[in-house]
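What follows is a short report on a single structure.
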Amino acid sequence: MDAGDSARTARASDDLDLGNDIAPALRALLTDSVVGLVVWDTDLRCVWANDALERYDGIPREQRLGRSPRDSLTGDTDQLESLIRRVLDDGHCVTGREYRVPPAVGKRRDRAYSASFVRLHTAAGRPLGVCMVTLVVTDRRWAGDRLAMVSEAGARVGTTLDVARTAQELADYTVPLIADYVTVDLTEAVRLGEEPLDRLGTFRGRVPKFRRAGLASIHTGAPESLWSNGEVVYVPETSPFTQVLYTGRPLLEPVLGTAHDTWLANDPARASKIREYGMHSLLILPIHARGILLGVAVFVRTTNPTPFDENDQLLAEELVARAALSLDNARRYTRERNTALALQRSLLPRRVHGGTAMEVAARYLPAEAEDSVGGDWFDVIGLSGGRLALVVGDVVGHGVTAAATMGRLRTAIRTLADLDLPPGELLTRLDRTFIRLTEDEEAADDAEIPSMGATCVYAVYDPAVRGCTLALAGHPPPAVVHPDSGVSFPDLPHGTPLGLGLLEFPSAELELPAGSLLALFSDGLVEDRHQDIDVGMRRVGRALTHPAPSLDDLCTAVIDTLPTATPADDVTLLLARGL
């Protein structure tokens with residue numbers, strides 16, 4: 001190593017802030033390592049490279065230092081620079097990426113290496129640059145790299161139970177890892193969470209309706225695509241796409257030609273995009289799980305000059321198969337959630353009326369979290385003597401079972417309300433009814449696991465005395481807004497949740513002078529996993545004191561104060577003001 005090399009190594013060590021102790025190790029890596037190493041700083045300037053990398057791709061160290069990846073590597077340099085920039089930005093390492101070098105003099109074939117990329121950073125987490133580690137490829141090595149990439153995909157694809165997001169995660173992960181341009185098109189039934197009617201190879205003569213769900217490209221905005229996410233995709237009746245659908249098998253077309261392909265002659269828009277962006281290699285895979293067709297994934301290479309081969313196909317198949325299971329789970333979740341939501345909405349009152357006693361308004365907002373729809377409900381029931389019963393409840397659990405249990409409890413409360421019982425006694429009888437319902441479900445051989453409990457607030461307003469009698473079964477207390485003294489959350493006996501059968505439920509009395517507002521709600525309105533419940537109660541209290549043209553508008557204003565538009569739990573709000 002000459003003096004220039006030593007100076008450059010020292011400068012590289014200083015630039016990377018690695019300290020003097022590591023300098024001997026860097027010198028050994030510079031001259032003795034069989035692993036190709038190169039480091040770029042945060043401006044993507046090459047600050048360090050060893051001799052092994054020069055033996056791999058033939059580029060002298062002097063031609064690398066100070067230059068970008070595009071100017072200091074060989075092969076598909078634009079794609080490599082895009083990948084390195086992504087690693088620098090998000091910190092996610094990339095392993096086993098193929099790095100091909102043009103054939104040496106007298107050789108016919110490219111040389112293939114395995115490259116991995118990792119972000120370097122200080123102990124405090126400040127990014128310093130990106131290091132590329134390059135190894136000679138063997139079949140055994142590629143098998144290990146493939147396993148590592150599939151394992152990494154498990155952490156980055158299918159992170160939610162959302163069909164569209166899972167499809168986009170598959171596209172994002174495979175560009176530029178496998179392809180320069182990737183699309184994921186799903187059948188309409190999958191997107192809507194319905195049960196697909198199409199099984200692989202059973203629909204010859206017709207083409208299912210596909211909609212674009214995932215799209216990624218090395219080019220910003222994916223200009224290669226004729227359709228954006230969410231749009232219906234045209235699938236020619238005679239094309240490689242339908243061939244994959246009919247046979248259920250992948251299609252590998254290493255060299256994609258446009259001159260003599262009949263299907264492209266009948267699809268000029270696609271042919272134009274292929275020519276414009278230099279699409280030269282194609283890989284199409286069916287997306288299926290449990291024998292059901294979910295969609296089609298298309299992989300295309302443009303700036304990467306290497307055609308797809310069997311190794312690429314094998315890796316893509318494994319990644320798509322993993323994503324397919326996540327997509328099918330997301331579809332099943334969407335179907336169950338839609339069913340539960342439809343059931344719950346059918347059991348809730350379409351509109352509420354307070355008669356001559358009160359002005360009332362209500363809002364229900366289903367959860368958007370993976371736990372799905374819950375068992376919230378509300379009701380307004382006219383009683384004798386012009387009185388009015390106000391109810392808000394919440395069944396523990398989510399999904400169809402919780403929604404069905406909610407419907408039973410709402411029916412039971414309406415039946416008990418006809419008996420004109422005091423609120424405490426009504427909740428006591430409701431508790432016994434709920435226990436019997438639970439026992440019946442447990443006795444059924446084919447029953448699902450029943451809900452373990454429920455909470456409820458039952459209030460009776462008497463306009464003659466402008467007072468309200470209410471009882472709580474493990475439910476949050478209501479908020480009361482007085483015209484002259486602001487908002488309060490009365491300290492009332494909470495009672496136990498329904499389904500325990502431990503104690504009776506005490507009643508409490510509230511005075512509601514003219515113009516007072518009573519707000520009943522479920523815990524989803526005030527509780528948040530990141531905040532104390534007192535914070536939510538203060539937030540709701542402030543919103544209730546703001547003037548609004550109507551109670552409907554006030555409901556909307558209160559709901560709008562939620563920290564997120566996608567609450568983790570169902571939200572129910574019932575407002576009532578005495579007339």
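Quick note: numbers below take in every heavy atom, side chains included, and nothing from hydrogens, waters or symmetry partners. Here, residue 1 is the first one in the sequence, and each next residue gets the next number. What you are looking at is a predicted structure, and each value in this text was computed from that prediction instead of being measured.
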Ignoring hydrogens and angles, tell me if any N or O in the side chain of [X] forms a donor-acceptor pair with the backbone of [Y] under 3.5 Å.
| X | Y | answer |
| --- | --- | --- |
| H280 | N304 | yes |
| R61 | A49 | yes |
| D532 | D534 | yes |
| E231 | S228 | yes |
| R119 | P127 | no |
| R67 | L73 | no |

Review point. Can E169 and T159 be counted as having a side-chain donor-acceptor contact under 3.5 angstrom?
Key: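 Side chains of E169 and T159: pair found under 3.5 Å.
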Point to revise | R212 and S225 side chains, donor-acceptor separation under 3.5 Å | key: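 There is such a pair between these side chains.
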Practice item. Assess whether atom CZ of R249 is packed by more than 12 heavy atoms of other residues, nucleotides or ligands within 6.0 Å. Key: no
Review point. Hey, is CZ on R165 packed in by over 12 heavy atoms from elsewhere, all under 6.0 Å?
Key: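 For R165, atom CZ is not crowded (no more than 12 foreign heavy atoms under 6.0 Å).
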Review point. Going through the distances and angles, do D267 and R270 end up as a salt bridge (Lys or Arg N to Asp or Glu O under 4.0 Å)?
Key: CA-CA 6 Å; D267 194 352; R270 269 197 178 95; 2.7 Å; yes
Point to revise | side chain to side chain contact (heavy atoms under 4.5 Å, CB included) evaluation trace for V182 with D172 | key: CA-CA 8 Å; V182 171; D172 289 337; over 6 Å; no
Can you find a pair of side-chain heavy atoms, one from [X] and one from [Y], that are under 4.5 Å apart?
| X | Y | value |
| --- | --- | --- |
| T302 | M279 | yes |
| T42 | L128 | no |
| L562 | V571 | yes |
| L215 | Y181 | yes |
| F241 | L251 | no |
| V118 | S116 | no |
| C46 | V38 | yes |
| V87 | I84 | no |

Pairwise distance [atom1]([X]) to [atom2]([Y]) - rounded to 0.5 angstrom:
| X | Y | atom1 | atom2 | result |
| --- | --- | --- | --- | --- |
| L294 | F210 | CG | CZ | 9.5 Å |
| S114 | Y99 | OG | OH | 12.5 Å |
| H121 | L88 | NE2 | CG | 11.5 Å |
| L525 | T561 | CG | OG1 | 6.5 Å |
| T187 | I287 | OG1 | CD1 | 9.5 Å |
| D570 | D523 | CG | CG | 9.5 Å |

Point to revise | Full working for side chain to side chain contact (heavy atoms under 4.5 Å, CB included) between D78 and I218 | key: CA-CA 9 Å; D78 289 342; I218 60 172; over 6 Å; no
Review point. Going through the distances and angles, do E527 and D569 end up as a side chain to side chain contact (heavy atoms under 4.5 Å, CB included)?
Key: CA-CA 9 Å; E527 288 186 353; D569 196 6; 5.8 Å; no
Practice item. State whether E318 and R322 are salt-bridged, where the test is any N-O pair (Lys NZ or Arg NE/NH1/NH2 against Asp/Glu carboxylate O) under 4.0 Å. Key: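 No, E318 and R322 are not salt-bridged.
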Review point. Can R64 and D57 be counted as an ion pair, charged N to O under 4.0 angstrom?
Key: yes
Check your understanding: Run the side chain to side chain contact (heavy atoms under 4.5 Å, CB included) check on L285 and V244 step by step: do they pass?
Key -> CA-CA 7 Å; L285 301 179; V244 169; over 6 Å; no
Over all heavy atoms of both residues, which pair between [X] and [Y] is shortest? Give the atoms and the distance, please.
| X | Y | value |
| --- | --- | --- |
| P254 | P307 | O-CB, 3.5 Å |
| T247 | Q243 | OG1-O, 2.8 Å |
| D180 | Q79 | OD1-NE2, 2.5 Å |
| T74 | L80 | O-CD1, 4.0 Å |
| F299 | V320 | CZ-CG2, 3.9 Å |
| Q313 | L252 | OE1-CB, 3.4 Å |

Practice item. Report the C-alpha distance between R332 and D328 in whole Å, list the side-chain angles of each, state the deciding distance to 0.1 Å, and finish with yes or no for salt bridge (Lys or Arg N to Asp or Glu O under 4.0 Å). Key: CA-CA 6 Å; R332 290 167 178 252; D328 194 47; 3.0 Å; yes
**Study point:** Pairs satisfying salt bridge (charged side-chain N to carboxylate O under 4.0 Å, His left out), at least one member in residues 82-92, at least two apart
**Key:** E81-R85
Practice item. Could you check whether the rings of Y113 and Y56 sit parallel, tilted or perpendicular, using 30° and 60° as the cut-offs? Key: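 Rings of Y113 and Y56: parallel, under 30°.
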**Study point:** Counterpart residues, side chain to side chain contact (heavy atoms under 4.5 Å, CB included), relative to A213 (two or more places apart)
**Key:**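 If we apply the side chain to side chain contact (heavy atoms under 4.5 Å, CB included) test to A213, skipping adjacent residues, the hits are A167, L186.
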